[in-house]
Structure formats: C-alpha cells, structure tokens
Amino acid sequence: MAEESMATADAVRTPGHGVTFREAFWVWTRVALLSFGGPAGQIAVMHRILVEEKRWIGEARFLHALNYCMLLPGPEAQQLATYIGWLMHRTIGGIVAGGLFVLPGIVAVMALSYVYAAWGDVPLMSALFFGLKAAVLAVVLEAVVRIGRRALRNRVMLGLAGLAFVGIFFLAVPFPAIVFGAGLIGFLGGRAGVAAFRVGGHGHSDAGGGGVVDGLLGEDLPEHARPTVSRALRVSAVWLVLWLVPVFALLVFIGAGSTFSRIAVFFSKMALVTFGGAYAVLAYVAQQAVETYGWLRPGEMLDGLGMAETTPGPLIMVLQFVGFLAAFRDPGALPPMLAGTLGGLLTTWVTFAPCFLWIFLGAPFIELLRGNKAISGALAAITAAVVGVILNLAIWFAIHTLFDTVRPVRGFGFDFAAPVPSSVDPWALVLSVAALVALFRFKAGMLPTLVACSATGIALHLAGAIAS
C-alpha cells in the first residue's frame, strides 16, 4: 500500500504526459468557473479547453469517455471531468477535477438559498422568481425538443418516449421503474440485433469539430488505468464507506423519522437512478419532495431550477436547494439556517459521492464497453424514455406555473393533476410564450432569456400588474 502511495505521488509530480498537477489544477478551476449552460454547454467547454486548446486528450478518447459517462446515473459532465482528471493524475486528479467542477455551484446555490429562505416572501423577490419560472418552463420545453431530435430517430424510440410519458404522467409509474424498464428493453433489443436499437454514438454535437487525434495522453492505457479485481474491491470499499456511513450514522443516532435521515436516504436512492440528467430526475424529485414529503411547494421547484440554471456547475445542484428547504422548514433543535445549510450539504454529498465511485470503479473497464451492442441499445432506449419523462416535467411545471388551481384526477388506473382553465394566470402565460419565442424563434441564449424574464417580473410588480 505504501509503495502504491509513493507511486501515485511520483506520477502526480512527474506524469508521463508532461502536464503537472499544478497546471491541471488551474485548468480544472477555469473549467469549473465556465461551466454554465447545462451539460451540453459544459461538455463543449471541456472539449474546447482540453482537446482543442490544451491538447491533453484526443478526440476519440474524449468521446469514448463521454459515452461511458452517459451510461451512468448522475451528471455526465461532472463525471467526464472526474474521468479525465483520473486518467491524467490518478485518483487525486479525479477528485480535484470532479470536486472543483461542483464547488462554484455549491457556493452559489447555497448563497441563493440563504437569500430565498430569508427574503423569498418579499414582494420584489417574489416578482423576480415569477419571471424566472416562466423562463425555466421555456428552457425545459426547449430541452425536450433538443434531446428528442437526437434520441427519437425511429418509431420504436418515439414509442418508448410516449410510453414513458403516459406511464409517469397519467399512471404515476415510478421514475426508476421507467428507467430500468427502458434499459432492459434496449439491452435485449440491442443484443438481438434489432435495427431500431442500432444507433450512432451518443456524443454531444457540441463536442464535435476537428479534434486532436491522440493528445498528450496518447492512445495507450496508463498503468494505473489497467483493471484488477483487488483494485476494484478496494475502490468499492473506500467509496461505499464514504458515501453510506454518514447515511447509516444518521439512521442509527437520530432515527429514520428525522428530516436529515430522510434527506440522506431519499437522495442516496436518487443517486442510483439519475439517468438522463437533471431534467429527467427532477420530475420524480418534484413529485416526491412536494407531494410525498411536503418539503416545498410546486412553484419552488421552478425557483430552485432557475437558481441552478443561472449558476455554474451541474443542473442537478437544484437538489441542494431542495435539501436546504427541507431541513430549514423542519430544523429540529437546530437554528433553521444552520439546519438548512447542513441539509443542503448532506444532499450534495450523497448526490455526488457515488459519482466518484462509478468513475474510479468502472473507468478501468471502459474498454470492455467499446462497441458493445447490448449496452448501446440500453443507452438508446433509456435516452428515448428520458424524453418522455422530461416532457412530463415540462407539463407538470406548466400546470403549476400557468394555473393557480389544479384538481386531482384518480380512477381506472389514472392518477394525475389537471388544471382548472378558469384559474389561468395571464401574465405568466404571456411571459412563458415570450420566453419560448425568444428561445425558438430568435435563438436567444438561456442566460439572456432568464435575466430578461426575471427583470420583466420585477417591472410588472413595480407597475402593479401582478400582486407578488
């Protein structure tokens, strides 16, 4: 063990590719500070800096790593950073790259959570978030179109998306069941050689371009990246302990009924099923956090997503906001702000600790996945189902943004909320339509649209048009 530690230290000091750990640290810091715009934008930033500018990694290896990360639950952009950091500077490189990627988002979302908890009911803040919700609704609808164009390439994929939407929206089928069901269908279809499941690579088009062929890493597999059973067992033990010991400690010492225990257990489960990114999992999180646990109100999920959209880091950082509000509103013996801080940090820990496990355990075996038809089919089917889940999220958001009143519809297997047409909010409708026109017709960026809608919400409040 001591020899391996010394070898690791030597590799960090004098890596074979010539990139020092200090240089990598500052490059990963730069990547983290520029990681706006969701996974597509984040992956494009990494591709531009790591492949085109620094030439650390070749085009083929970058896309292969991305495809592997897309197979995993969790934010693929953060896991891609972890993977490349690990490939270049072993475990410490992966921890630094992946940790720095989320650090700005942790700080920014926590600061905004403080503001929201302290002044969220102030009319001016309410007006700002009124406009923000309209923009977020448009952003989610744009995500449905963007992902759908890439994923729904034939009738089978379109059918899977439709079944996923009907299942989660009308029948309340749990999100994990949809993900695993779609994955199983795709796996069997790909293994059987069904043409509908033979799709191209899953790299983002944003990452394209005339990239570097090999990069400084070359095409050879570094010695530390060669898989062994002993190493896999050791990695699994370390990261499972780091992830789950805090969860079991909370269950033992403060009980399963505590808000902190519920946060730890619920978001640990989410870490296992967050295929398809933040937009997909938010539908399930919103359903559970709002309707089952009562941690926050429907509109507040949109507020949290707006925070995550306008700050650097993965969009999944919205879960930190959910954990913050859950603990803030049920703090037990702690001061509410302290409880909220601990709840938010606990959520972030159990969300991202598994991401390091998936990379450090699975990355050495990634060559085994190259060209695997069954795995490719499973990924294609999951991606198609995710389109239906995101459409469900968009409609759920639309109902709770545009209408003041909803009524439950239950019976004959159906279980969903239907809007009351007479309760439509005209200004919310106008703002949402304007945001959609800005995104689809004028190709406005996400950040300008969010800022413009937020400013409009404040202007409407100042003009007396809305009672925030």
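Heavy-atom contacts from other residues, nucleotides or ligands closer than 6.0 Å to CZ of Arg191 number 12 or fewer.
Contact annotation: the side chain of Val322 never approaches that of Tyr293 to less than 4.5 Å [non-hydrogen atoms, C-beta and beyond]. In this structure, the side chains of Leu72 and Ile359 come closer than 4.5 Å at one or more pairs of heavy atoms. In this structure the side chain of Tyr116 never reaches within 4.5 angstrom of the side chain of Phe324, judged on heavy atoms. With a 4.5 Å cut-off on side-chain heavy atoms, Phe197 and Met157 count as touching. The shortest side-chain heavy-atom distance between Leu429 and Asp425 does not fall under the 4.5 Å cut-off. Taking 4.5 Å as the limit, some side-chain heavy atom of Leu251 sits within range of a side-chain heavy atom of Ser261. Between Cys355 and Thr82 there is no side-chain heavy-atom pair separated by less than 4.5 Å. You'll find the side chain of Val27 reaches within 4.5 Å of the side chain of Leu50, heavy atoms only.
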side-chain contact (heavy atoms from CB on, under 4.5 Å), that's the test. Do Ile84 and Trp56 meet it? Break it down for me. CA-CA 9 Å; Ile84 298 175; Trp56 286 355; 5.6 Å; no

- Message: Does Val238 form a side-chain contact (heavy atoms from CB on, under 4.5 Å) with Phe360? I'd like the steps, not just the answer.
- Response: CA-CA 11 Å; Val238 169; Phe360 295 147; over 6 Å; no

request  = Step by step, work out the side-chain contact (heavy atoms from CB on, under 4.5 Å) result for Tyr114 and Thr341.
outcome  = CA-CA 9 Å; Tyr114 289 154; Thr341 302; 2.7 Å; yes

Quiz prompt | Intermediate values then yes/no, side-chain contact (heavy atoms from CB on, under 4.5 Å), Ile316 and Phe352 | solution = CA-CA 10 Å; Ile316 205 73; Phe352 286 100; 3.4 Å; yes

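Across every non-hydrogen atom of Ala394 and Leu141, the tightest pair is CB-CD2, 3.6 Å. Of all heavy-atom pairs spanning Val51 and Phe62, the tightest one is CG2-CD1, 3.6 Å. Closest approach of Leu450 to Ala135, counting heavy atoms only: CD2-CB, 3.5 Å. When all heavy atoms of Leu272 and Trp243 are compared, the closest pair comes out as CD2-CH2, 3.6 Å. Heavy atoms only, all atoms of each residue included: Ala81 and Ala97 are closest at O-CB, 3.3 Å. Between Ala363 and Trp86, the shortest heavy-atom distance links the atoms CB-CZ3, 3.5 Å.
Residue Ile399 holds its CD1 atom at 10.5 Å from CG of Leu137, rounded to the nearest 0.5 Å. Atom CD of Gln288 is separated from atom CH2 of Trp295 by 9.0 Å, given to the nearest 0.5 angstrom. Annotation: the span from Thr228 atom OG1 to Leu233 atom CG amounts to 8.5 Å, rounded to 0.5 Å. In this structure, the separation between CG on Leu184 and CD1 on Ile382 is 10.0 Å, given to the nearest 0.5 Å. Distance check, rounded to the nearest 0.5 Å: OG1 of Thr401 to CH2 of Trp396 gives 8.5 Å. In this structure, Ile106 CD1 and Leu345 CG are separated by 7.0 Å, a value rounded to the nearest 0.5 Å.
Judged purely by atom type and a 3.5 angstrom limit, Gln79 uses its side chain to pair as donor or acceptor with the backbone of Pro73. Judged by distance alone, with hydrogens and angles left aside, the side-chain atoms of Trp28 form no donor-acceptor pair with the main-chain N or O of Gly99 at under 3.5 Å.
Every residue two or more places apart in sequence or in another chain that forms a salt bridge (Lys or Arg N to Asp or Glu O under 4.0 Å) with Arg329 is listed here: Glu300. Remark: Leu112 engages Met307, Thr311 in a side-chain contact (heavy atoms from CB on, under 4.5 Å) (not counting sequence neighbours).
Screening Thr348, Thr351, Thr347 against Gln320 for a side-chain hydrogen bond (donor to acceptor under 3.5 Å, both in side chains) leaves a single residue, Thr348.
Screening residues 384-412 for salt bridge (Lys or Arg N to Asp or Glu O under 4.0 Å), with sequence neighbours left out, gives Arg410-Asp415.
Note: Phe165 and Phe170 have perpendicular aromatic rings, judged against thresholds of 30 and 60 degrees for the angle between ring planes.
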